[in-house]
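Below is one structure, written out as structure tokens; the observations come after it.
Values reported hereafter were calculated over all heavy atoms of this structure, with side chains retained and with hydrogens, waters and symmetry mates removed. The chains referred to below are lettered A, B, ... by the order of the sequence lines, with proteins before strands, and numbering in each begins at 1.
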Protein chains: 2
Amino acid sequence: MNLEELLKIESKLSAQKKLILNLIVTANRVNEELAEILKPFDISSQQFNVLRILRGQKGKPANLSTIQERMVNKMSNTTRLVDKLIDKKLCERIVCPANRRKVEITISENGLKLLSEIDPLVESFENSYAGKLSEEELNNLNIKLNELRS
Amino acid sequence: MNLEELLKIESKLSAQKKLILNLIVTANRVNEELAEILKPFDISSQQFNVLRILRGQKGKPANLSTIQERMVNKMSNTTRLVDKLIDKKLCERIVCPANRRKVEITISENGLKLLSEIDPLVESFENSYAGKLSEEELNNLNIKLNELRS
DNA sequence: GAGATTCATTTGTCTAAACAACATTTGTAT
DNA sequence: ATACAAATGTTGTTTAGACAAATGAATCTC
């Protein structure tokens with residue numbers, strides 16, 4: 001369905017306006033669907049994102065600024081986000097011995113286990129969602145999106 | 001900058017995974033920039049969105065469910081969002097005389113004036129942001145995004 | 001026309017986000 | 001050494017979001 005229909009917009013929008021709206025609306029839907037997938041596991045998409053970043057460290061601990069830099073949506077309060085994960089025993093935090101201002105955050109066994117349960121569900125969503133386009137179209141789309149962010 | 005660089009992801013992602021991340025990251029940046037533009041006017045992007053919907057009614061009042069249906073990000077609490085706009089005297093709400101369950105919400109003169117101040121700023125952002133791509137690329141991108149949402 | 005049902009919105013509550021202020025540790029220049 | 005600035009996180013506060021329950025008005029059924 002095109003944007004004008006979807007949002008019941010009567011006037012004709014410029015391609016530029018449409019792009020901005022399209023990006024926001026499309027990403028919102030994706031976020032909603034991801035949240036739905038994660039809900040049974042009692043974890044928000046932000047928390048899921050942090051867990052995946054921690055796993056990507058491959059055992060090496062991460063500090064808060066590293067996590068923040070890699071998060072898809074930079075949010076201000078990474079401390080409390082990590083607090084939640086610790087409450088759920090999905091990760092651990094110790095004060096960095098070399099520099100006591102820093103903290104070292106690592107994913108726990110529980111966290112890894114949870115991710116391994118969620119992974120296939122998310123992947124299957126990604127594939128079915130993106131499956132509406134061919135591999136070539138996807139590559140092209142990714143390139144254009146990269147250009148937009150430049 | 002491509003996604004892997006941006007998020008410091010070492011492993012190679014599938015085009016499908018990349019698309020999902022790209023959509024989320026790109027839309028987030030757009031939202032941040034829009035919020036930045038709106039900040040001096042002391043209005044959130046949700047509130048701005050509602051105001052534009054009301055203006056689109058061309059004098060015809062809108063009720064809450066109409067607004068909700070047209071919002072780019074469906075959020076649950078349109079009542080309180082409209083409350084904020086009323087506090088700022090940007091719109092008005094009366095009980096619908098024909099059906100007293102409904103409310104009739106209209107944009108005020110103030111609201112129209114505010115929009116007319118903000119419009120050129122948003123438009124100039126839209127044009128400069130989307131200006132990285134040609135008109136043809138934009139049209140193609142819009143089509144693909146529509147297909148993704150189908 | 002009394003009571004159930006549906007509709008449209010509001011309210012309550014709990015959790016998360018934005019933003020600023022604060023605290024602690026480290027680095028640097030004198 | 002000492003004082004000052006920068007780096008790194010944490011906490012506090014205010015505002016917004018999610019979701020469910022509640023309210024009040026209209027409609028439907030018998």
Check your understanding: What pairs with K88(A) under side chain to side chain contact (heavy atoms under 4.5 Å, CB included), at least two apart in sequence or on another chain?
Key ->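 Partners of K88(A) by the side chain to side chain contact (heavy atoms under 4.5 Å, CB included) criterion, ordered by chain and then number, come out as Q47(A), L90(A).
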
Exercise for review: Would you mind reading off the distance between R100(A) atom CZ and dG27(C) atom P, rounded to a whole angstrom?
Suggested key: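 So the two atoms are 12 Å apart, to the nearest Å.
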
Check your understanding: Roughly, in whole Å, what's the span from CG in L81(A) to P in dA18(C)?
Key ->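 That distance rounds to 11 Å.
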
Review point. According to the salt bridge (charged side-chain N to carboxylate O under 4.0 Å, His left out) rule, which pairs have a member within residues 40-56 of chain A, sequence neighbours left out?
Key: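 For residues 40-56 of chain A: R55(A)-D119(A).
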
Check your understanding: What side chain to side chain donor-acceptor pair (under 3.5 Å) pairs are there with at least one residue in residues 91-101 of chain B, not counting sequence neighbours?
Key ->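 Pairs touching residues 91-101 of chain B that pass the test: D83(B)-R93(B), N99(B)-R101(B).
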
Review point. Is the shortest side-chain N/O distance from Q46(B) to OP1 or OP2 of dG17(D) below 4.0 Å?
Key: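 True: Q46(B) side-chain N/O within range (under 4.0 Å) of dG17(D) OP1/OP2.
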
By salt bridge (charged side-chain N to carboxylate O under 4.0 Å, His left out) - contacts of [X] (at least two apart):
X	answer
K39(A)	E36(A)
K58(A)	none
E4(B)	K12(B), K18(B)
K84(B)	none

Point to revise | Residues from residues 25-41 of chain A lying under 4.0 Å of DNA chain D - heavy atoms | key: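 Correct list: K39(A).
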
Practice item. Scan nucleotides 4-14 of chain D nucleotide by nucleotide, 5' to 3', and note B when protein non-hydrogen atoms come under 4.0 Å of the base, S if they reach only the sugar-phosphate, - if neither. Key: --BBSSBBBB-

Check your understanding: Taking C-beta and beyond as the side chain, do I105(B) and I86(B) meet within less than 4.5 Å on heavy atoms?
Key ->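 Heavy-atom side-chain distance check fails, nothing below 4.5 Å.
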
